[in-house]
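This report concerns only the one structure given below.
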Protein chains: 2
Amino acid sequence: MPKTADPDVRDRLIGLAAARLAARQPVSLRGLADAAGTSTMAVYTHFGGMPGLWHAVRDAAFATLAQELGRMSPTDDPVTDLMATGSAYVTNALTHPDLYLVMFDARGGPDHPDSAGTTFAVLVTAVQRAIDAGRFAASTDAEGAALELWAMTHGLVMLVITEAIGEDDLNRHLPEMAIAAYAGFGDDPVAARRSVIGIVPFRQRSP
Amino acid sequence: MPKTADPDVRDRLIGLAAARLAARQPVSLRGLADAAGTSTMAVYTHFGGMPGLWHAVRDAAFATLAQELGRMSPTDDPVTDLMATGSAYVTNALTHPDLYLVMFDARGGPDHPDSAGTTFAVLVTAVQRAIDAGRFAASTDAEGAALELWAMTHGLVMLVITEAIGEDDLNRHLPEMAIAAYAGFGDDPVAARRSVIGIVPFRQRSP
DNA sequence: CAGGTTACATGACAGTGCTATACATAGCAG
DNA sequence: CTGCTATGTATAGCACTGTCATGTAACCTG
């Protein structure tokens, strides 16, 4: 009996929100509805309100990131792949800093476990490959190691986005931090250092 | 000739803003002015607007943190002191998570260099002590090493505050990450590990 | 004590997210 | 194919936000 909601409107709202975010324009309920050619109520039927919209934007951003990281073609060196994954992660974050902030907005509330989870799983898999290849100690906890790599990368990225440090600081220090982490996971420091060569720069140019 | 602004009103506004932040109450211009027993214009004469108020709150938070970290009494092991500094940093952040978010709010704009700078200087000094004591390689860049330790700690803290990971994850992984970093700075891994013992837990209890 | 300058009070304005109500439309029952 | 019903959407208003123009009163200087 019901009239079905138009999923196109939903996608348009999410896309427009991300676009205004990227353009550093204020993203407001009325502005979004006008741009989408609908009324403010559409946001409530589809998302239940602005927080719900932000939640959907965040989920979409994580899905895009997971897809982006997932389609990287692995080389014969799993540690090099790990470093390349980190590089892609940083590039994504610094190319869309406002979207990255929404992804990690503290006012986001608990999300579906598959939002950030699937993205994190990509990293865990990459770590597991390094373990299986014997580069990391067999006793290494893949999830724990992935969490540590994620945390250090996230920290540098956040400091860059909040302008506490410069982008050059990130390019200078992330390789060194990664090498130290890899060594801590039982990798040969020399091999770890070799795996990092040629990965930088993390981003081609400023936007 | 002029009528001088009351610095007491200024301090009261900053303190009330921080208090409402800690109480997780919405901090609005009118609510603040009412609680401070003044009018909304006081915020404009003292801070030029709400962004200026947030800026002042952030500066005050950094000053408090620098003072808190600075009055830690050094032991005979500079690396242990470094770890203790990190522990105090984490405790401060997780005890006042909303204030921590304001300190690193991306919409804060460029701040006076002495705001976060003096806090960071405390960490640089602690690293320099480890270098002078021969625990870190003499070739170690004190500022660079401090930045790396800061970034990894900040990353873990932010992930905890945004509820991407749990507080127990931080307690579990920060020591390991620090040990790996210390080793990368040239410290003996065994000595590094010994320096970390007894530092955890980073926070006594949940708030 | 007078003058001028400034902090602070009042009120209005544009904008925000949210929601109660009215309307239009899509889908199923007959 | 018709009519009912359930649902998405439009409209308008509410309470709230930060900002600023104006007015008043207090202060310091000369």
Side-chain angles (χ1 to χ4, degrees), chain A residues 1-60 98-99 101-102 105-109 111, chain B residues 1-60 98-99 101-102 105-109 111:
Chain A
M1 300 132 141
K3 171 180 177 182
T4 68
D6 187 1
D8 192 44
V9 172
R10 184 191 148 93
D11 295 345
R12 236 185 310 162
L13 286 170
I14 295 178
L16 281 170
R20 304 223 155 187
L21 219 50
R24 297 187 171 280
Q25 290 172 354
V27 38
S28 76
L29 177 62
R30 284 172 177 77
L32 234 56
D34 287 356
T38 179
S39 114
T40 62
M41 283 307 297
V43 173
Y44 286 85
T45 60
H46 285 281
F47 309 103
M50 284 302 282
L53 174 66
W54 290 121
H55 192 92
V57 169
R58 178 173 55 161
D59 282 354
D98 301 271
L99 196 57
L101 287 176
V102 172
D105 189 352
R107 305 177 289 286
D111 52 351
Chain B
M1 299 143 130
K3 171 180 176 180
T4 68
D6 187 359
D8 192 42
V9 171
R10 184 191 146 93
D11 294 345
R12 238 182 310 162
L13 285 170
I14 295 178
L16 282 170
R20 306 221 156 191
L21 218 50
R24 298 190 171 278
Q25 290 172 354
V27 38
S28 76
L29 177 61
R30 282 172 177 79
L32 233 58
D34 286 357
T38 179
S39 108
T40 64
M41 283 306 295
V43 172
Y44 286 84
T45 59
H46 285 281
F47 309 103
M50 283 303 283
L53 174 67
W54 289 121
H55 191 94
V57 169
R58 177 173 57 161
D59 282 355
D98 302 271
L99 195 57
L101 286 176
V102 171
D105 189 354
R107 305 177 290 286
D111 54 351

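Below, each value reflects all heavy atoms present in this structure, side chains not excepted, and no hydrogens, waters or symmetry copies.
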Round to the nearest Å and state the distance from A:D8 atom CG to D:dT9 atom P. 11 Å
Side chain of A:R30, base of C:dG15: donor and acceptor closer than 3.5 Å? no
Any B:W54 side-chain heavy atom under 4.5 Å of B:L21 side chain: yes
Would you check if A:T38 and A:V43 make a side-chain contact, meaning some heavy-atom pair closer than 4.5 Å? no
B:F47 CZ - C:dA7 P separation (whole Å): 13 Å
D:dT9 phosphate, OP1 or OP2: any side-chain N/O from A:H46 under 4.0 angstrom? yes
Indicate yes or no for a side-chain donor-acceptor contact from B:R12 to the backbone of B:A36 under 3.5 Å, with no hydrogens or angles considered. yes
With respect to the phosphate group of D:dT9, does any side-chain polar atom (N or O) of A:T45 fall under 4.0 Å of OP1 or OP2? yes
Under 4.0 angstrom between B:Y44 side-chain N/O and D:dT19 OP1 or OP2: yes
What is the distance from CG of B:L29 to P of C:dA9, rounded to the nearest Å? 12 Å
Between C1' on C:dT16 and CH2 on A:W54, what's the gap in Å once rounded to a whole number? 13 Å
Looking only at C:dT19, C:dC18, D:dG18, the nucleotide nearest the A:M41 side chain is C:dT19
Please work out if B:P26 contacts a base, only the sugar-phosphate, or nothing of the nucleic acid, heavy-atom cut-off 4.0 Å. nothing
Return the minimal non-hydrogen interatomic distance between B:V27 and B:M50, and the atom names on each side. O-CE, 4.2 Å
May I have the distance from B:D34 (atom CG) to C:dA9 (atom C1'), rounded to whole angstrom? 12 Å
On a heavy-atom basis, which atom in B:V102 and which in B:R58 lie closest, and how many Å separate them? O-CD, 3.7 Å
Is the phosphate of C:dA9, meaning OP1 or OP2, less than 4.0 Å from a side-chain N or O of B:S39? yes
d(CE, B:M50; P, D:dC16) in whole Å: 16 Å
Checking contacts here: which listed nucleotide (C:dT16, C:dT10, D:dT17) is nearest the side-chain heavy atoms of B:T40? C:dT10
Counting only side-chain N and O atoms of B:T38, is one of them less than 4.0 Å from OP1 or OP2 of C:dA9? yes
Does B:V9 or A:S28 map to a spot on DNA chain C nearer the 5' end, using the closest nucleotide for each? B:V9
